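Remember, it's 1-based here, ligands and their atoms both numbered in the order they're listed. Please read all numbers here as calculations on a predicted model, not as lab measurements.
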Amino acid sequence: MHQSHMIINGQQVTSLSRKTEIICNPATQEPVAEVAVGDRQDACLALEAAKRAFPVWSATASDERARTLHSAADMVRQQVDGIARLLTLEMGKPLKNARMEVLSSADVLDNYAEEGKRNFGEWISSSHSRSIVLRQPVGVAALITPWNFPVDLLAWKVAPALAAGCTFVAKPPSLAPLAATEFVRAVCEAGLPAGAANVVHGPGSTVGAELVENPISRKIAFTGETETGRWIMSHAAAHIKRLSLELGGQSPFIVCADADIQAAAAAASQRAFSNMGQICISVNRIYVAQEVAEPFTEELVRRAERLKIGDGMRPDVDLGPMFSRAQRERTKEHVADAMGKGADLLTGGEEPDGEAYERGYFYRPTVLNNADHRMRVMREETFGPVAPIMKFGTLDEAIALANDTEYGLAAYVFTNDLKTALRAAEALEAGGVGVNVNNVIDLQAPFGGWKESGLGRELGRWGLEAYLETKHIRLGL
Ligand code: NDP
C-alpha cells in the first residue's frame with residue numbers, strides 16, 4: 001500500500017504523534033494508502049521551516065526562481081502517471097481526467113515561471129523627490145485546498161507563491177491528500193531550498209486552523225466551502241492577514257431562443273456532469289427560453305443517458321463515482337426536495353444498477369424539468385451531477401433569476417446575437433461569464449468570485465499579485 005508522508009523542511013516525515021489514517025477508493029471502498037496525520041504541532045514545525053527558508057528563497061533572483069519552476073513543471077510531467085493514478089484512486093475521477101489535471105498543474109508552474117519575471121517596479125518623479133514602487137513577497141503563505149481538484153487547485157497557489165518569492169505550507173484535504181502531496185514532492189525535486197515547500201496533513205479544524213491563526217503565515221490562500229471561508233476570514237482578522245478565498249458557486253446557464261441548441265446542450269451536459277458535478281463552476285441551474293425548451297431538454301437528456309459511468313481506472317468511462325457517501329446523500333436529498341416541490345425527473349435520480357456499482361458511490365446523471373427557486377437545487381450548491389431546468393420568457397427575466405443567489409462565481413449564456421451576449425455578460429453578477437463556452441478558466445485570465453463566492457483572484461498576473469506587498473521608496477533630492 002502507498003505510504004503518504006508529510007513534507008517538512010525538505011524531509012518526508014511522519015507526524016509527531018505517529019498517527020496514520022487509511023484512504024479508501026470511492027469506486028470500491030478498498031484501501032489505497034496509509035497517510036501520516038498531523039496536528040497543530042506539526043503545522044507549527046512546517047510554518048517555522050517555511051519562515052527559515054523565506055530569506056533564502058525571497059532573495060533568489062526572479063530568473064533563477066523561473067528556472068526552478070520550469071524544472072518543477074518537468075518533474076511533475078515526468079511523474080504524471082504515478083500522480084494521476086493516486087488521484088483517481090483517492091477521489092474517483094476517470095484516469096484520463098486525472099492525467100489532464102496533473103498536466104495542467106505543470107502548465108501552471110511554467111506560466112508562473114515566466115509571470116514571476118514580469119514583477120516590474122515603477123518610477124515616479126515629483127518636485128522634490130523620486131519614488132520607486134516595489135512589489136515584494138508577502139512572506140510565508142498557507143495554502144488550503146479541497147478534494148475535487150486537489151492537484152490543480154494547489155498548483156494555482158504553489159506556482160504564484162513560489163514565483164513571487166514566498167515560501168509555503170500546504171494543507172491538502174484530509175480525505176484526498178495523496179496526489180497533492182506527490183505533486184509538492186515532485187516540485188521539491190526541482191531544487192528548492194529546504195523548507196520552502198512544506199505539506200502537512202490533518203483535519204481542517206486543527207491543522208488548517210493553526211495555519212490560519214499562527215502569526216507566522218502572512219497570507220492565506222484557500223479554496224473550499226463558503227462556510228469554511230467565512231471562518232477563515234474571521235480568524236485571519238486577528239493578524240490582518242492577506243486573503244485569497246475561492247469559495248462555493250451556484251452557476252446559472254442561460255440558453256436564449258437564438259442559441260445553437262446542439263452546442264448549448266453539449267456544453268451544459270459536459271459542465272453539469274463532468275467530475276460528477278463536483279466542480280465549483282459546474283452548471284447548477286439552466287434557464288432556457290420557452291421557444292427552444294423542448295429541443296434543448298431532449299438533447300440534454302440524450303447526452304446524459306449516453307455517459308458511461310464506472311470505476312475511474314477503466315479507460316472507457318466518462319464519469320467515476322462521487323467522492324463520498326455524504327456527497328451522494330446530499331445530491332439525493334436535493335433531487336427528492338425538487339421532486340417534492342413539483343420538478344419532473346427526466347432521467348437519472350438513482351444509483352446505476354449492477355454488481356460493478358455496488359460498493360462505490362455511483363449516481364446517474366440527472367435532469368430535472370420545471371424547476372423553480374423554491375427548490376434547494378436552485379439555491380444551494382448541490383455538488384452533484386444534477387441539471388435542473390427552468391423556462392423563461394424575456395432576457396431580463398432570465399438575468400434576474402440568474403442573479404437571484406448569494407453566490408457569484410461563474411455564469412454562462414448561449415446566444416448568437418452579439419447585443420444579447422453583451423447585455424447578459426455585463427448584467428450577470430459573477431467573477432467569470434462564459435459566452436458560448438462552458439468554462440471560465442484560462443491560465444492567463446483572472447479567476448474568482450463575486451458576492452459570497454470569494455475574495456481576490458487566482459491565475460494570470462492577478463494570481464501573482466495576491467502574493468506580493470507593495471512598497472514605496474521615496475528618495476529625497
Ligand atoms: P471544505 O471547505 O470543507 O474544505 C476545504 C479545505 O479546508 C480542506 O483542506 C479542509 O480540511 C480545510 N478546512 C476545513 N475547516 C477548516 C478550518 N476551520 N480552517 C482551515 N482549514 C479548514 O471544502 P470541501 O473540501 O468540501 O470542497 C468543496 C467546496 O469547495 C465546495 O463548496 C466548492 O464549491 C468549493 N470549491 C471552490 C472552488 C473555487 O475556485 N471557488 C473550486 C473548487 C471547490 P479537511 O479536509 O480536513 O476538512
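Not less than 6.0 angstrom separates the ring centroid of Trp156 from the ring centroid of Phe149. Ring pair Phe383/Phe323: centre-to-centre distance not below 6.0 Å.
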Determine all donor-acceptor pairs shorter than 3.5 Å in which one atom belongs to a side chain in residues 456-466; sequence neighbours excluded.
{"from": "Arg457", "atom 1": "NH1", "to": "Gly449", "atom 2": "O", "distance (Å)": "3.4"}
{"from": "Glu458", "atom 1": "OE1", "to": "Lys157", "atom 2": "NZ", "distance (Å)": "3.4"}
{"from": "Glu458", "atom 1": "OE2", "to": "Lys157", "atom 2": "NZ", "distance (Å)": "3.1"}

List, pair by pair, the atoms of ligand 1 and of the protein that are both N or O and lie under 3.5 Å apart, giving the separation rounded to 0.1 Å.
{"from": "ligand 1", "atom 1": "2 (O)", "to": "Glu225", "atom 2": "N", "distance (Å)": "2.9"}
{"from": "ligand 1", "atom 1": "2 (O)", "to": "Thr228", "atom 2": "OG1", "distance (Å)": "2.7"}
{"from": "ligand 1", "atom 1": "9 (O)", "to": "Thr145", "atom 2": "O", "distance (Å)": "2.8"}
{"from": "ligand 1", "atom 1": "9 (O)", "to": "Lys171", "atom 2": "NZ", "distance (Å)": "3.3"}
{"from": "ligand 1", "atom 1": "11 (O)", "to": "Lys171", "atom 2": "NZ", "distance (Å)": "3.1"}
{"from": "ligand 1", "atom 1": "19 (N)", "to": "Gly204", "atom 2": "O", "distance (Å)": "3.4"}
{"from": "ligand 1", "atom 1": "23 (O)", "to": "Glu225", "atom 2": "N", "distance (Å)": "3.4"}
{"from": "ligand 1", "atom 1": "25 (O)", "to": "Trp147", "atom 2": "NE1", "distance (Å)": "3.2"}
{"from": "ligand 1", "atom 1": "26 (O)", "to": "Trp147", "atom 2": "NE1", "distance (Å)": "3.3"}
{"from": "ligand 1", "atom 1": "26 (O)", "to": "Glu225", "atom 2": "OE2", "distance (Å)": "3.2"}
{"from": "ligand 1", "atom 1": "32 (O)", "to": "Glu381", "atom 2": "OE1", "distance (Å)": "2.7"}
{"from": "ligand 1", "atom 1": "34 (O)", "to": "Glu381", "atom 2": "OE1", "distance (Å)": "3.3"}
{"from": "ligand 1", "atom 1": "34 (O)", "to": "Glu381", "atom 2": "OE2", "distance (Å)": "2.4"}
{"from": "ligand 1", "atom 1": "41 (N)", "to": "Leu247", "atom 2": "N", "distance (Å)": "3.2"}
{"from": "ligand 1", "atom 1": "41 (N)", "to": "Leu247", "atom 2": "O", "distance (Å)": "2.6"}
{"from": "ligand 1", "atom 1": "46 (O)", "to": "Ser174", "atom 2": "N", "distance (Å)": "2.9"}
{"from": "ligand 1", "atom 1": "47 (O)", "to": "Lys171", "atom 2": "NZ", "distance (Å)": "3.3"}
{"from": "ligand 1", "atom 1": "47 (O)", "to": "Ser174", "atom 2": "OG", "distance (Å)": "2.5"}
{"from": "ligand 1", "atom 1": "47 (O)", "to": "Gly204", "atom 2": "N", "distance (Å)": "2.8"}

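Here Tyr407 pairs with nothing under the side chain to side chain donor-acceptor pair (under 3.5 Å) rule; sequence neighbours left out. Applying the salt bridge (Lys or Arg N to Asp or Glu O under 4.0 Å) test to Arg118 and every residue at least two apart in sequence or in another chain returns Glu115.
Using a 3.5 Å distance cut-off with no hydrogens or angles, the side chains of Lys171 and Thr145 do not pair a donor with an acceptor.
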